[in-house]
Amino acid sequence: MTVRTDEEALPALRANRDFKLLWTGAGVSFIGSRVSVIAYPMLVLWFTRSAADAGVVAFCANVPYILQLLVGGLVDRLDRRRMMIACDIGRLVMVGSLVIALAFGCFRLPHVAVVAFAETSLTILYRIAERAAVRHVVRAEDLPSALSRNEARERAASLLGQPVGSLLFALTRWAPFVFTMAANLVSLSTLLLIRRKFQEDRAKATGGVKAFVGELREGIVWAWRQPFVRVLAGLIAGGNMLFAALSLSLQYIVRDGGGSSSDIGFTIGLIFAVSGAGGTLGALTASWWMGRTSLAAIVIGCNAAWAVLIPQVAYVRNPVALGLLFAGMGYAGALWNVAAAVYQQQVTPDGMQGRVLSVATLVAFGAVPFGSLAGGILLDHFGACRTVLGLGAVMGILALTAAVSPAVRKLRLA
């Protein structure tokens, strides 16, 4: 199959065949990965009845996020389209081995742990390569709209993953993993149909481990020297820590409100579903906002909105009202994510896209466990009300920092 070069004219987004294929395939793939991530601990609990065993598998499924800086280096070294194809094939093989084992009644905890680790690792590699590739399949003026659709797609995938995974697991133990394999097949098929390159023409990477480490260092140094990276990374890391603690606080609040375990689970699920809907709406309208206001205004406005909404969680107890508060925060979060992604894509050289994306993702997700840990300690010592008010105060400081930061005020979208 002939692969088109970047010099050929790109169509408008609504008629862009390659973007539609990439968007659809990646979206289905992300739903499949969310389904399997939910199903791994459920599978272990079903067979072993051990929460510790389930925790080991959950750890194996999440530890690749710590290693994603290495993934960014590979994305910048290798052909991104071929890499994504290889990721889909690798996931098919690994998850398929688990389906075959379960079909023959063979369950081995180490096997499940290895499959969970491998699938998450390949999914991270696929995801970073796909993000770096978007700018090569759409026109520059369509990039905000394209990334808005990508953000909406990922939030919808997260929203669908848990109920679909749980429902399929209730049907039969191996059904979620068959679904994941089918999703990977769809993704693989769409990639094989795409005709455009996913990166600029560049010299073939040479050198061994030493050269690779040098390239990683180069990407980290470049990112650190950009004022916008330092400021936005700090704001994103701080905000994610606060939201991890706030999520735990919500569960604490709903539990203290009384009711059966099923009622509590339903209420929490409903609130997060409404929040996810708010995030999806925020992603879909992000390009509209970016066409009418500055990036600096979006960053400052989103942080200010969070500073206003978070403290209200301390006093609101009605599930619908809580859902609306979290929907508002989800809306601002999606808008922030899209705007930051567009800016990063515009200012980062193509040869560093993978490394800078991996640094940003590592900073964003690396802070989450600390937020959960701190939230648990604060809730035990101070209760939900004072903990949430404290989180709101810290968010207020972050919002003030964004408002007075010269680096934020200078942010401009091309």
Side-chain angles (χ1 to χ4, degrees), residues 3-27 30 72 75-76 80-81 84 126-157 190-191 194-202 222-223 226 228-229 232 236 279-299 302 333-361 364 408 410-414:
V3 179
R4 292 178 182 172
T5 63
D6 286 341
E7 285 75 17
E8 295 182 51
L10 283 161
L13 200 61
R14 64 180 177 276
N16 192 323
R17 169 185 177 276
D18 288 342
F19 173 71
K20 290 178 180 178
L21 286 169
L22 182 63
W23 188 89
T24 302
F30 292 150
V75 168
D76 288 338
R80 292 168 185 161
R81 181 171 172 270
M84 292 171 67
Y126 177 103
R127 189 169 184 255
I128 292 179
E130 188 261 348
R131 285 189 170 192
V134 172
R135 62 189 294 193
H136 295 282
V137 296
V138 302
R139 301 181 304 177
E141 59 267 34
D142 288 333
L143 186 60
S145 294
L147 293 180
S148 295
R149 296 184 186 186
N150 282 7
E151 179 72 15
R153 174 197 65 191
E154 293 191 25
R155 288 181 176 266
T190 58
L191 285 171
I194 294 175
R195 303 172 185 173
R196 188 167 293 275
K197 291 182 179 180
F198 284 3
Q199 70 277 319
E200 297 173 352
D201 290 330
R202 56 186 184 231
W222 185 92
Q226 312 306 310
F228 82 92
V229 171
L232 292 188
I236 291 171
T280 303
L281 181 61
L284 291 172
T285 58
S287 59
W288 183 90
W289 283 103
M290 285 183 284
R292 288 161 178 79
T293 188
S294 68
L295 177 59
I298 290 174
V299 172
C302 288
L335 175 57
W336 159 280
N337 286 346
V338 173
V342 171
Y343 187 75
Q344 179 273 319
Q345 290 266 351
Q346 289 179 346
V347 302
T348 306
D350 184 66
M352 287 190 179
Q353 284 287 335
R355 283 166 285 176
V356 173
L357 278 168
S358 64
V359 169
T361 309
V408 171
K410 291 178 182 177
L411 293 175
R412 295 289 186 275
L413 289 172

Colleague: Contact between Leu10 and Arg196 at the side-chain level, heavy atoms closer than 4.5 Å - yes or no?
Modeller: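 A side-chain contact under 4.5 Å exists here.
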
Colleague: With heavy-atom distances below 4.5 Å as the criterion, would you say the side chains of Thr285 and Leu335 are in contact?
Modeller: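 No, their side chains stay 4.5 Å or more apart.
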
Colleague: For the atom pair OH (Tyr343) and CG (Leu147), what is the distance rounded to the nearest 0.5 Å?
Modeller: 15.0 Å

Colleague: Which distance, rounded to the nearest 0.5 Å, do you find between the CZ of Arg195 and the CZ of Arg81?
Modeller: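 CZ of Arg81 is found 11.0 Å from CZ of Arg195.
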
Colleague: Could you state the interatomic distance from CH2 (Trp289) to CH2 (Trp336), rounded to the nearest 0.5 Å?
Modeller: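 Going from CH2 on Trp289 over to CH2 on Trp336, the span is 16.0 Å.
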
Colleague: For the residue pair Ala283 and Glu151, what are the closest heavy atoms and their distance?
Modeller: CB-CG, 3.5 Å

Colleague: Which heavy atom of Gly27 sits nearest to which heavy atom of Ala157, and what is that distance?
Modeller: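 Result for this residue pair: O-CB, 4.5 Å.
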
Colleague: Ser148: which residues meet the side chain to side chain contact (heavy atoms under 4.5 Å, CB included) condition with it, sequence neighbours left out?
Modeller: Ala286, Ser287, Met290, Val338

Colleague: Tell me the closest heavy-atom pair linking Gly279 and Ala334, and the distance in Å.
Modeller: O-CB, 3.0 Å

Colleague: With rounding to the nearest 0.5 angstrom, report the CG to CG distance, Asn150 to Leu143.
Modeller: 9.5 Å

Colleague: If you measure from CZ on Arg80 to NE2 on His136, what distance do you get to the nearest 0.5 Å?
Modeller: 5.0 Å

Colleague: What heavy-atom pair brings Pro144 and Val342 nearest, and what distance separates the two atoms?
Modeller: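 Answer, listing the atom of Pro144 first, then Val342: CA-CG2, 3.6 Å.
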
Colleague: Side chains of residues 19-26: which donor-acceptor pairs under 3.5 Å do they make with residues two or more places apart or in other chains?
Modeller:
| residue | atom | partner | partner atom | Å |
| --- | --- | --- | --- | --- |
| Lys20 | NZ | Arg14 | O | 2.7 |
| Trp23 | NE1 | Arg149 | O | 3.0 |
| Thr24 | OG1 | Lys20 | O | 2.8 |

Colleague: Ala140: what forms a side chain to side chain contact (heavy atoms under 4.5 Å, CB included) with it, not counting sequence neighbours?
Modeller: none

Colleague: Taking the side chain as everything from C-beta on, heavy atoms only, tell me whether Glu130 gets closer than 4.5 Å to Met84.
Modeller: yes

Colleague: Looking only at heavy atoms, which two atoms of Leu295 and Ala339 are closest? And how far apart?
Modeller: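 It is CD1-CB, 3.4 Å.
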
Colleague: Which atom pair, heavy atoms only, marks the closest approach of Ser145 to Leu13?
Modeller: CB-CD2, 3.7 Å

